[in-house]
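Computed from a predicted model, the values in this text were never measured in an experiment. Letters go in sequence order (proteins before strands), and every chain restarts at 1.
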There are 2 protein chains.
Amino acid sequence: MSYNLKIMRTIKALQKFQHAIVAVDTVIFCVAENKLKILLIEMKRAPYTGKWAIPGGLVMPDESLEESVVRHLKTKTGLSGFYFEQLHAFGKVDRDYRGRVVSVAFLSLLSSDQVNLKTSADYADIKWFDVNRVPKLAYDHKEILATALLRLRARIGHTNVIGGLLPDKFTLSELQQAYELILGKTLDKRNFRKKILATKMLVETKEKFIGSFRPAVLYKFKDKKIKEVNIL
Amino acid sequence: MSYNLKIMRTIKALQKFQHAIVAVDTVIFCVAENKLKILLIEMKRAPYTGKWAIPGGLVMPDESLEESVVRHLKTKTGLSGFYFEQLHAFGKVDRDYRGRVVSVAFLSLLSSDQVNLKTSADYADIKWFDVNRVPKLAYDHKEILATALLRLRARIGHTNVIGGLLPDKFTLSELQQAYELILGKTLDKRNFRKKILATKMLVETKEKFIGSFRPAVLYKFKDKKIKEVNIL
DNA sequence: TCAAAAGTGTTCGTGCTACACCCATGC
DNA sequence: GCATGGGTGTAGCACGAACACTTTTGA
């Protein structure tokens, strides 16, 4: 596979034309094992061999930014059908050693039941990391991750995006745990339940989650569409 | 001047390399004559002759996105020293007839005492338009403007960005008027003053604005830096 | 019967909304 | 002295924060 080589040749060629080209990168969050996690890939080719990075790639002329996100994630991670939204464009001159690439970063939320990673020949490895324990990242991906975390924290207070992190049906305790992991602080159970139910975003199902202890009512989101709601 | 011709040739050449290139566009708002206004330029060259557009241009490989914004606005409008922040990247495939260009849009606020427009040989005209009466716009600039307006409305409720729209010293009535123009609704004078003063963003100066009627206390922003504050 | 998580209300303080009149000045 | 915008306070209500015990189940 000479995909990376091809990219490097392309970028070199572009230098002649004196213009920046576009890539997309997607910060993918997931809640699992009581942790907020992010998906990273380990790169194979020089000059980034062994470095971890947020998955992404160059944008082709016949695809929109969103189509490019879908294509890269499908081919590099095997994932599809997830929610994502645009985060920010990163355009420092030296952010990629190989040439002038402006990256439009996206923020994506995945429920743990959607996780079904495929490995790719182009990458050494692909893994979930606790957001509090990420390895050294390539390019300016540390900055992108920091921006994504800030955005995520702000968004869950004003929209129903958090639905993307949960399975179809979930208990209020699971939902509260997701909020607590993202916000990095504990919330009062009674106040949380009052506020969440007051938003009318959720509907009670007839089912219950049967664990070792008292069964919990399962809820689902009334509407999968992302909308503005005052929550916290 | 063969600048546009050069761009078209560049874009054509880039098609061969199968990658998208980057531009920046800046939506510049200003309050004047009791209206919220936006700066537009009238284009000269085909295929957009006579169309109005948001000012911007391609990003060079040796400049960051922000540096590119500054350069384009300096050369195209003569403006400098203003506040701006990133808005959104627009990347539909057909947004520019000439080729595949992804535009990173910025939002800028200008105080009327900063306005000192220069005309440029590359453009037919440059003018301020009432945001409620903009002409047909080129590219996808109608969508960019709509996004900028939504963002502006959201931002003035949570940050002190509105300072960018006002002169150094201003009366509370001027500030309230700016809010009303942006939000498109009237606000209660007593409640507005209470809330604004409660944020501690402003400091009273010793000066007064002397008009035909009762003099008004002039205020200024305590801090020019943009920060998060709950306002409305 | 014990361990573990589910579920439930009230009090208090803060902040938002609605609303009307007097003040200082120039003409 | 009058026209014009500048400037001020209060009462009622809704919402957020703090806080502890009972219930249900499996082992």
Atom [atom1] of [X] and atom [atom2] of [N]: how far apart are they, to the nearest Å?
| X | N | atom1 | atom2 | answer |
| --- | --- | --- | --- | --- |
| Leu197(B) | dG15(C) | CG | P | 15 Å |
| Ile210(A) | dA5(C) | CD1 | C1' | 13 Å |
| Asn230(B) | dC16(C) | CG | P | 8 Å |
| Phe192(B) | dT17(C) | CZ | C1' | 16 Å |
| Glu204(B) | dG6(D) | CD | P | 15 Å |
| Arg193(A) | dC15(D) | CZ | P | 21 Å |
| Ile231(A) | dC15(D) | CD1 | P | 16 Å |
| Lys208(B) | dG7(D) | NZ | P | 7 Å |

- Query: Got a sec: does the NZ of Lys142(B) have more than 12 other heavy atoms crowding it under 6.0 Å?
  - Reply: no
- Task: Could you say whether Glu174(B) or Asp188(B) is positioned toward the 5' end of DNA chain D, judged by the nucleotide with the nearest heavy atom to each?
- Result: Glu174(B)
Starting the side chain at C-beta, find the nucleotide from [options] nearest to [X].
| X | options | value |
| --- | --- | --- |
| Lys195(B) | dC19(C), dG7(D), dC16(C) | dC16(C) |
| Phe213(B) | dA3(D), dT17(C), dC23(C) | dA3(D) |
| Asn191(B) | dC19(C), dG7(D), dC16(C) | dC19(C) |
| Arg190(A) | dA24(C), dG9(C), dA20(C) | dG9(C) |

- What do you reckon, are the aromatic ring centroids of Tyr139(A) and Tyr48(A) less than 6.0 Å apart? yes
- Non-hydrogen atoms of Ala89(A) and Gln86(B) that approach each other most closely: N-OE1, 2.6 Å
Regarding [N], can its base be found pairing with the side chain of [X] as donor and acceptor, where the two atoms are less than 3.5 Å apart?
| X | N | value |
| --- | --- | --- |
| Arg214(B) | dA24(C) | no |
| Lys189(A) | dG7(C) | yes |
| Lys194(B) | dT10(D) | yes |

- Item | Donor-acceptor contact present, side-chain Lys136(B) to main-chain Trp52(B), <3.5 Å | no
- Message: Does dA4(C) have its OP1 or OP2 closer than 4.0 Å to a side-chain nitrogen or oxygen of Ser212(A)?
- Response: no
- Identify, with sequence neighbours excluded, every residue that meets ring pair (Phe, Tyr, Trp, His ring centres under 6.0 Å) alongside Trp128(B). none
